[in-house]
Trainee: 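Here's a structure for you.
Within every chain, numbering begins at 1; the chains are lettered A, B, ... in the order of the sequence lines, protein sequences first and strands thereafter. Below, each value reflects all heavy atoms present in this structure, side chains not excepted, and no hydrogens, waters or symmetry copies.
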Amino acid sequence: MGERQITLEVMRYRPETDTEPVFQTYAVPCQEEWVVLDALNYVKDNLDRSLSFRWSCHMAVCGSCAMVVNGTPMLSCKAFLRDLPDTIQVEPLRNFPIERDLVVVLDDFMEKLRSVKPYIVPKEAPATPDGTFRQSTKQLKMFKPFAMCINCLACYSVCPQYGLNEGFAGPAALALAHRYNADSRDVGRKAREDVVASNVGIWECTFVGACSEVCPKDVDPAAAIQQTKIASTVDYFTDLILPGRKVKGGPGKAAGGKA
Amino acid sequence: MARSNKPIVWGLFAGGGTVTAFLSPVLVLVLGLAVPFGLYSAEDLSYDRVMAVIGNPLGALVLFGFITLALWHAAHRTRTTVHDLGIHNDAMTAKVCYGLAALGTLAAAVALVQVAF
Amino acid sequence: MEVIETDVAIVGAGGAGLSAAIAVAERDPNLKIALLSKVYPMRSHTCAAEGGAAGVAKDEDSLDKHFDDTVSGGDWLCDQDAVEWFVERAPKELARIERWGCPWSRDADGKVAVRPFGGMKIERTWYAADKTGFHILHTLFQTSLQFPSIKRYDEYYSTDLIAADGRCQGVMAIEMRSGQLKTFAAKTVIIATGGAGRVFPFTTNGAIKTGDGMAMAYRAGVPLKDMEFVQYHPTGLPGTGILMTEGCRGEGGILVNKDGYRYLQDYGLGPPDPWPRKKAMELGPRDMLSQAFWHEQQKGRTIQSASYGDVVHLDMRHLGQALIDERLPFVRDLARSYLGVDMVTDPVPVRPVVHYTMGGIHMENLVETPLKGLYAAGECACVSINGSNRLGSNSLTECLVFGREAGQRAAEQIGSLGAVNDTLVKERAEASRQALADLHMRPHSGESVSGIRREMHDTMESGAGIYRTADSLAQTCTDMANLRDRFNRVALEDKSAVYNTDLIQALELQSMVEIAETMAHSATKRTESRGSHQRLDFAQRDDEVFLKHSLATYNGQAAPTIDYRDVVITKSQPAARVYGGDV
Amino acid sequence: MSNRPYVRPMAPSWYMQEGRYVRYMVREVTCLFIALHALVLIVGAFRLSQGPEAFNGYLQALWGPAGILLGLVLLVTTVIHSCTWFNLTPKAMPLWIGDKKAPGWIVVAAHYGGWAVVSLVILVLVGSL
Ligand SMILES: Cc1cc2nc3c(=O)[nH]c(=O)nc-3n(C[C@H](O)[C@H](O)[C@H](O)COP(=O)(O)OP(=O)(O)OC[C@H]3O[C@@H](n4cnc5c(N)ncnc54)[C@H](O)[C@@H]3O)c2cc1C
Ligand code: SF4
Ligand code: F3S
Ligand code: FES
């Protein structure tokens, strides 16, 4: 197990004393196989107990620990030192207000996630003896990749449209809306269009594609959004041609989750 | 929240993007570069031969469609790019961009009606 | 101090807490629900669960078989009435979250697929590839978003229960972004704070699993039951402790020692062939597999790896890339990134790792604690379905089944509990505020959170690990008493209010120190070996004396008192645990 | 109130600051040349409507040095437009073969193939009508 000396430049912001963020430098003796999060924990335990950052699982699944490492947002628990130079700069996710140090304010995302109705709007209860829906391999594959989102928000950190447009629902929320739209058990697409196909939904996305490039879980939100654009456009023109057509789970229908 | 009317302009943008992606480079080549590069003789693009195609109402309609889609594609993308560049008066931008596209569409219509009808 | 009034306060938004919240909201939309969590709900450690959730699914399976596997898996320390109740509801709850959108893996005919798991006679573990807990958690969380009555308090760290007048009347919590302490005056409180694996240094548990809820209940006078039973999972990655799910073995992976020999056949789990076979060899229960590793290590038959110490090999090469990528893609990626080993082409080095706390808050009547108005569910609760060794994949289901029941009971009983006593609540709130202020003001002393934590880790690992003795435990008990005392002198280096993680870690350490002490003392008193609790000095199970649950009661600055209580036996008399052969 | 989250504004020149944004901007800006090309065609249509002389003058201008330069610029930019457009198609229009999602490159390759065919057909047709 080799040791390696790393210079960690961490963006600090202490709201009670700082007027703006500043970088603080720590010299950290690291093990070869460490990740950036290990180095931060070393700092917290041995050098500076006042450094704040979020983490929990240390296995790239809880989504707490995303931060900008040398310019790119990534999960710090999966940012291996072996892939990084000796000087590592760590910042909080961009496009979010900084609460303190590497901790950002997530209220906006949480509200947007709720707004896209990320839950099954069922057509009717399944009529099977065990009370479950049947799903073919293809039906599962249609939505599963979009269900892999860990809400780490790396995608929001690189999406310029999220930075420029306050209202924009953003890549992960829209990918999750698409995840339910694409689920064979769901009939809520119409109900979701309220937000998804509004002026703060998919139409704010200009297909920069950066979201999909940085996503640690290969969710491909850019794809989800473009597919939703096509579906919504088709819906729009169908509605124009056939006004008042009956739609399953349309806006009038309550999105009850009782099952 | 109201459903957006963007599908209209976005539909034109997407359609235009696709059509221009397939056709623009070859049209640039045919009209502007093929003769100077010696791919065609000047005869190939003589007035009569061009009239035979564009003078035909169907030909004129196709060209009109292409020009329109190209313009609306460009107008919509310009609108978002202007926003990206930091000019955030989107309503104004939209008016100007789509206005210009409409003007261009009208001009193309006028010219092509004269050619073909 | 801000007082938030609510009908139900739920502390913890993992699998159990979210299930409870939805259950309350569905039952009565007029009830006010406060859902507190020290992390955003989707960060809860339920997201780390990989392998699956158990519930009878196949025609040839039966509730009785699930019951039998669970009871013998728990070495007869399970309350059988609770197990019976549990196995009956398990498939219903799993089907419910199917309807809510959980992306279960499927068979060719479109039905939910099930895989074999350790100690289970028949395949009954529902799975979503190898991210079952993740999908369950996100399904629950996203489903919960449609209920307006669920008011979330994300990143609120609960410090204390408000217990007064023989009843739980609320809970105190720090809003982490402001540092302000708030009072939740609640007619009922449900604790769903998860396990306490972080008491040990080498664990699959995330940073948040510090046993806070157990400690809160303990301090409020509710006993902690069966705390000596800590599960080691046999297959963790050395170094990080990242879990290689039991699904690896469920799909056919094998464990070999340095001679390439499937050593489990030497420990009553064989014969090795034909393989795969349920309830045998690698599909034996976790306690036995982890103990077998220890013996191999004693015999010098483990593999010495330069960087990671002793390991054995989990070999999955014969499964082939297609199957691995379909059913185990996440763990393949984890082993590749964190260890540089691709399970498609190489065996993966693994060793036992602390994984699960069978013990927890003492439950009377499934989800009710002895304290009126206080309920609990999930890993923090000891309903006693897991006995002395939990079978893999029972606990995700446990979160769903008992989380839901806790919500329903709380909603049902609220009427008879009546209003909270404002004066008493204020009094308690003031006491909590004072304690917190004291912690903030404590003068510098040389005692640090990380220092005490490290020492706690060392003594727990060396004295209360897979195998224990009177001596090792005595040492750990002494050390822990010491550390508890020293903790009283820990001073915060960070005095700020906003998102003070120095403060939170100090409070978490307090929980852990208290929990660790109950573990050490309960283990000392249990002079027998049963399930995950193995005493080198008392190698046999002793049903005469110890077919009993231990109960650790808080004693302030003194060590806990340990009492006992009978195990509920209904239809399965204690017998020898038999695995391998033709079982 | 001590608690004031700090909002880092986006730099007005954000699109210059990372390779991926620069590439995005290049792609977006091609639309100006698509518009320019449309303009060239509209002018051509007018000239066509004004008779052979006018049209020939138009062609001569296109084929002169300035015209050739314009043509080259348009060729490069429209090719960039086409490539960036086609490269993104798998995201917008995933292709399913049976119950498997086809790899993205197939969709891209199909578009490039179609593009080549269309272009060749037009070139040949115009040259041989
Ligand atoms: C790596 C791993 C793999 C596993 N795999 C499986 C498996 O395949 N099958 C299976 O059945 N089981 C598995 N388990 C076990 C199972 O995942 C857990 O027992 C279960 O998820 C616990 O859920 P919970 O709701 O009780 O707690 P958690 O999901 O841990 O949630 C605890 C909640 O309490 C909150 N909380 C804690 N303290 C406080 C506080 N002081 N104030 C406020 N909020 C607080 C947290 O924020 C969190 O929301 C696995 C466990 C691990 C670690
Ligand atoms: S889409 Fe990807 S990058 Fe965005 S939040 Fe989800 S997992 Fe993270
Ligand atoms: S980066 Fe943003 S603009 Fe669209 S494609 Fe991704 S959401
Ligand atoms: S700590 Fe959970 S994703 Fe990194």
Trainee: Just by modelled atom types, is the C:A497 backbone N or O under 3.5 Å from a matching donor or acceptor in the A:E16 side chain?
Mentor: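 Yes: the side chain of A:E16 pairs with the backbone of C:A497.
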Trainee: Between A:D183 and A:Q139, is any side-chain donor less than 3.5 angstrom from a side-chain acceptor?
Mentor: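 A:D183 vs A:Q139: no donor-acceptor pair found between side chains.
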Trainee: Of the backbone (N, CA, C, O) and the side chain (C-beta and beyond), which part of A:M110 lies under 4.5 Å from a heavy atom of chain C, both, or neither?
Mentor: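 It is the side chain, since no backbone atom gets that close.
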Trainee: Students often mix this up, so state it plainly: with edges at 30° and 60°, are the rings of C:H233 and C:H355 parallel, tilted or perpendicular?
Mentor: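 Perpendicular, since the angle between the ring planes exceeds 60°.
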Trainee: Looking at C:F134, does the NZ or CZ of C:K131 lie under 6.0 angstrom from its six-membered ring centre and within 45 degrees of the ring axis?
Mentor: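 Relative to the ring axis of C:F134, which defines the angle, C:K131 lies inside both limits.
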Trainee: Checking C:K209 against chain A: side chain, backbone, both or neither under 4.5 Å from a heavy atom?
Mentor: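 Neither part.
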Trainee: At a heavy-atom distance under 4.5 Å, which candidate from C:K495, C:E155, C:R453, C:R152 has the highest pair count against chain A?
Mentor: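 Max contact count across the listed options: C:E155.
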Trainee: Just by distance, no angles: are the side chains of C:T245 and C:D130 close enough, under 3.5 Å, to form a donor-acceptor pair?
Mentor: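 Short answer, no.
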Trainee: With heavy-atom distances below 4.5 Å as the criterion, would you say the side chains of A:E91 and A:M67 are in contact?
Mentor: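 When only atoms from C-beta onward are counted, A:M67 and A:E91 do not touch, as no gap falls below 4.5 Å.
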Trainee: Counting heavy-atom pairs under 4.5 Å to chain C, which of A:G63, A:S136, A:P126 comes out on top?
Mentor: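 Among A:G63, A:S136, A:P126, the one with the most close pairs to chain C is A:G63.
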Trainee: Would you indicate whether the side-chain heavy atoms of C:V331 and C:E50 approach each other to under 4.5 Å?
Mentor: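 Sidechains of C:V331 and C:E50: in contact.
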Trainee: Quick check on the interface: out of A:D130, A:I150, A:N46, A:D186, who has the most heavy-atom pairs with chain C under 4.5 Å?
Mentor: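 The option with the most such pairs is A:I150.
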Trainee: Which region of C:I242, side chain (C-beta onward) or backbone (N, CA, C, O), has a non-hydrogen atom less than 4.5 Å from a non-hydrogen atom of chain A, or is it both or neither?
Mentor: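 Just the side chain, heavy atoms under 4.5 Å.
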Trainee: Quick check on the interface: out of C:G241, C:G451, C:S144, C:S337, who has the most heavy-atom pairs with chain A under 4.5 Å?
Mentor: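 Most pairs with chain A among the choices: C:S337.
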Trainee: Just give me the residue among A:D107, A:V35, A:D48, A:L113 that pairs up with chain C most often, heavy atom to heavy atom, under 4.5 Å.
Mentor: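 The residue among A:D107, A:V35, A:D48, A:L113 with the greatest pair count is A:D107.
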Trainee: If you count heavy-atom pairs under 4.5 Å with chain A, which of C:A108, C:P103, C:S448 comes out on top?
Mentor: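 Most pairs with chain A among the choices: C:P103.
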Trainee: Please identify, among C:G101, C:A95, C:P91, the residue contributing the most non-hydrogen atom pairs under 4.5 Å to chain A.
Mentor: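 The candidate making the most pairs under 4.5 Å is C:G101.
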Trainee: Is there side-chain contact between A:N41 and A:F53, with at least one heavy-atom pair below 4.5 Å?
Mentor: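 Yes. Closest side-chain heavy atoms under 4.5 Å.
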Trainee: One thing to verify: whether A:R4 and A:E33 come together as a salt bridge, which I'm taking to mean a side-chain N less than 4.0 angstrom from a carboxylate O.
Mentor: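 Salt bridge: no.
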Trainee: Are C:D502 and A:R49 ion-paired here, with the side-chain N under 4.0 Å from a carboxylate O?
Mentor: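 Counted as a salt bridge, because a side-chain N and a carboxylate O are separated by less than 4.0 Å.
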Trainee: Among side-chain atoms of C:T501 and A:S52, is any donor-acceptor pair under 3.5 angstrom?
Mentor: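 Their side chains do contain a donor-acceptor pair, which is all the 3.5 Å distance test asks for.
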Trainee: If you tally heavy-atom pairs under 4.5 Å against chain A, which of C:N205, C:I22, C:D494 wins?
Mentor: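 Maximum pair count with chain A is reached by C:D494.
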Trainee: Tell me which of these, A:L51, A:T137, A:V61, has more heavy-atom pairs under 4.5 Å with chain C than the rest.
Mentor: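 Of the options given, most contacts go to A:V61.
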Trainee: Using heavy-atom distances under 4.5 Å, tell me whether A:R82 contacts chain C through its side chain, its backbone, both, or neither.
Mentor: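 Just the side chain, heavy atoms under 4.5 Å.
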Trainee: Examine whether an atom of A:K44 lies under 4.5 Å from a heavy atom of chain C, and if so say whether it belongs to the side chain, the backbone or both; otherwise answer neither.
Mentor: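 Looking at A:K44, just its side chain touches chain C.
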Trainee: Which members of residues 170-181 of chain A, sorted by number, sit under 4.5 angstrom from chain C on a heavy-atom basis?
Mentor: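 From residues 170-181 of chain A, the residues near chain C are A:L176, A:R179, A:Y180.
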Trainee: At a heavy-atom separation under 4.5 Å, does A:K217 approach chain C through its side chain, its backbone, both, or neither?
Mentor: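 Contact with chain C involves the side chain of A:K217 alone.
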Trainee: Does any heavy atom of chain A fall under 4.5 Å from the side chain of C:Y338, the backbone, both, or neither of them?
Mentor: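 It is both, since atoms from each part get that close.
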Trainee: Could you check whether any side-chain N or O of A:S76 sits under 3.5 Å from a backbone N or O of A:C65, counting only pairs where one atom can act as donor and the other as acceptor?
Mentor: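 Judged by distance alone, yes, a pair lies under 3.5 Å.
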Trainee: Quick one: of C:K92, C:H45, C:K111, C:Q142, who has the most non-hydrogen atom pairs under 4.5 Å with chain A?
Mentor: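 Counting heavy-atom pairs under 4.5 Å, the top option is C:Q142.
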Trainee: Among A:M59, A:H58, A:K144, which residue has the highest count of heavy-atom pairs closer than 4.5 Å to chain C?
Mentor: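 Max contact count across the listed options: A:M59.
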Trainee: Pick one of side chain, backbone, both or neither for A:A125, based on which atoms fall under 4.5 Å of a heavy atom in chain C.
Mentor: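 Contact with chain C: none, neither part.
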Trainee: Please determine, by modelled atom types, if A:R100 and C:S496 share a side-chain donor-acceptor pair under 3.5 angstrom.
Mentor: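 Indeed, the side chains of A:R100 and C:S496 share at least one donor-acceptor pair under 3.5 Å.
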Trainee: Which atoms of A:R114 are under 4.5 Å from chain C, going by heavy atoms: the side chain, the backbone, both sets, or neither?
Mentor: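 Contact with chain C is through both the backbone and side chain of A:R114.
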Trainee: Do A:S50 and A:R12 have side-chain atoms, one donor and one acceptor, less than 3.5 Å apart?
Mentor: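 The answer is yes; a qualifying pair exists.
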Trainee: Need one label for A:F80: side chain, backbone, both or neither, based on atoms under 4.5 Å from any heavy atom in chain C.
Mentor: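 Interface part for A:F80: side chain.
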Trainee: Is it true that C:K38 and C:E508 make a salt bridge, defined as a side-chain N closer than 4.0 Å to a carboxylate O?
Mentor: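 Yes, charged N to carboxylate O under 4.0 Å.
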Trainee: For C:Y499 and A:D101, does a side-chain donor sit closer than 3.5 Å to a side-chain acceptor?
Mentor: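 The answer is no; no qualifying pair exists.
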